[in-house]
Amino acid sequence: MNKSKRILLVSTFLIIIAFVFVLLVFQSSIIPRRSFSAPKTYYHSWGQILSDPKPITINTYATGIMRTGLSAIMNLEHERALDIEDVVIEVPVNVSIIHHQKFGAYLIDAGLDSSYVYNPYGTSKGILVKKFMGKGSQDPNTDIAAILDGENIRLQGVWLTHLHPDHIAGIVDLPKNIPYVVGEDERYINFRFLMHSDHLAGIKVLYEIDFNQGIDLPPFGKGVDLFGDGSFWAIESSGHSKGHVMYFINGVHEKVIVTGDACNNQFQFDTGIGPGYLSSDVDKAQEVLESIKTFKEHYPEVKLVFGHDL
Ligand SMILES: [Zn+2]
């Protein structure tokens, strides 16, 4: 075999090896997706929705604590952040259980599973985990499965604000024969060997909310009436992540927006400084935060539940 033939053969072999490696790394982040078919809505404005509350309740719990740099959750490049130092902070990792008299109990986000009691990275593995993931901690029996057990909840499904690890880790301990719903185009970071969490393992299909089916809900973008009776809405909030979703609970006793990480905590709301470098689009995340503030000014009776505050 002459030299040029040997070089061609070796480089072809190396390209195939590299291709198989890349396939192996990325294949674990692919999960089948299907459009969530929302029922028809009879509502067309906030005024109409808010004047017609429904028998739905919400309770929020912390499934553990995450340690992270402040700049991860708050944009310290913002002009109002010049005096704010990038310190390490500890924040609760929240989940909410909603209960609708007719449709039953659902989760908003899954929080942390029980592995965080003894491992700060939970079930995540890979060479990049220690470098890029925040450390979690947890008191025994405060994980998502323990909370559901304690409250005697039979879950009908899980609505996710987004697919970051601190919002989906707990899925490893949840039943898989129920629907899991997320915003359209929300990315799932699960790279074999590098940052391998497998939090969605066992879920056969991920349902995606298509906001084009929704109604205009200013100052936000579109909203989708998830049960079709005006009780529970998904609100478009792309920014912190591409397919980020906030949820609105239109209860008789309480009206609540679960902001997810569109607004991490009260400090973020008060300062008006948007989510930080972990966001897929910092400018859009800032706009969403400002729309939350505008909404709260117009509708002070609506309570806000933040992604990482209690
Ligand atoms: Zn988060």
Side-chain angles (χ1 to χ4, degrees), residues 58 60-76 86-97 107-113 115-116 120-124 128-129 131-138 142-144 147 158-174 180-183 186-190 195 197 199-200 234-247 256-269 271 273-282 284-286 288-289 292 304-310:
I58 173 168
T60 301
Y61 308 77
T63 56
I65 299 284
M66 286 300 285
R67 276 168 70 87
T68 178
L70 182 60
S71 58
I73 65 164
M74 185 176 235
N75 176 19
L76 297 186
D86 189 8
V87 290
V88 173
I89 54 165
E90 293 197 334
V91 293
V93 181
N94 293 346
V95 300
S96 292
I97 298 172
L107 257 184
I108 301 177
D109 285 341
L112 305 181
D113 63 286
S115 65
Y116 281 86
Y121 303 106
T123 55
S124 299
L128 300 181
V129 165
K131 190 166 168 48
F132 290 106
M133 278 181 99
K135 280 187 181 180
S137 61
Q138 192 180 58
T142 59
D143 59 280
I144 184 59
I147 290 168
V158 182
W159 309 94
L160 296 161
T161 59
H162 62 304
L163 297 179
H164 286 174
D166 52 326
H167 298 254
I168 59 172
I171 292 175
V172 299
D173 285 343
L174 297 181
Y180 286 80
V181 189
V182 72
E186 175 64 6
R187 293 185 192 118
Y188 174 40
I189 297 164
N190 190 41
M195 198 150 20
S197 300
H199 292 145
L200 303 188
I235 300 170
E236 192 176 19
S237 46
S238 172
H240 173 64
S241 70
K242 187 134 190 273
H244 192 282
V245 180
M246 300 194 293
Y247 293 94
V256 175
I257 287 187
V258 174
T259 66
D261 289 2
C263 187
N264 283 279
N265 54 23
Q266 188 68 46
F267 182 57
Q268 183 143 61
F269 181 83
T271 57
I273 300 169
Y277 72 78
L278 283 183
S279 305
S280 64
D281 187 325
V282 171
K284 276 176 90 175
Q286 178 68 38
V288 174
L289 179 68
I292 295 171
L304 302 174
V305 166
F306 304 120
H308 295 286
D309 210 342
L310 269 185

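Side chains included, hydrogens not; waters and symmetry mates left out as well; all remaining heavy atoms used. Counting starts at 1 for both ligands and their atoms, following the listed order.
Of the possible donor and acceptor atoms, one in the side chain of N94 sits under 3.5 Å from a partner among the backbone N and O of D309.
Protein atoms of type N, O or S found under 2.8 Å from the Zn ion (ligand 1) total 4.
Checked against a 6.0 Å centroid threshold, the rings of H308 and H167 count as neighbours.
When only modelled atom types and interatomic distance are considered, T60 and S96 share a side-chain donor-acceptor pair under 3.5 Å. For the 3.5 Å distance criterion, the side chains of S238 and H244 fail to qualify, holding no donor opposite an acceptor.
With respect to the salt-bridge test (charged N to carboxylate O, under 4.0 angstrom), the residues K242 and E186 do not qualify.
Using the six-membered ring where Trp is involved, F269 and F306 have ring planes that are tilted, between 30° and 60° apart.
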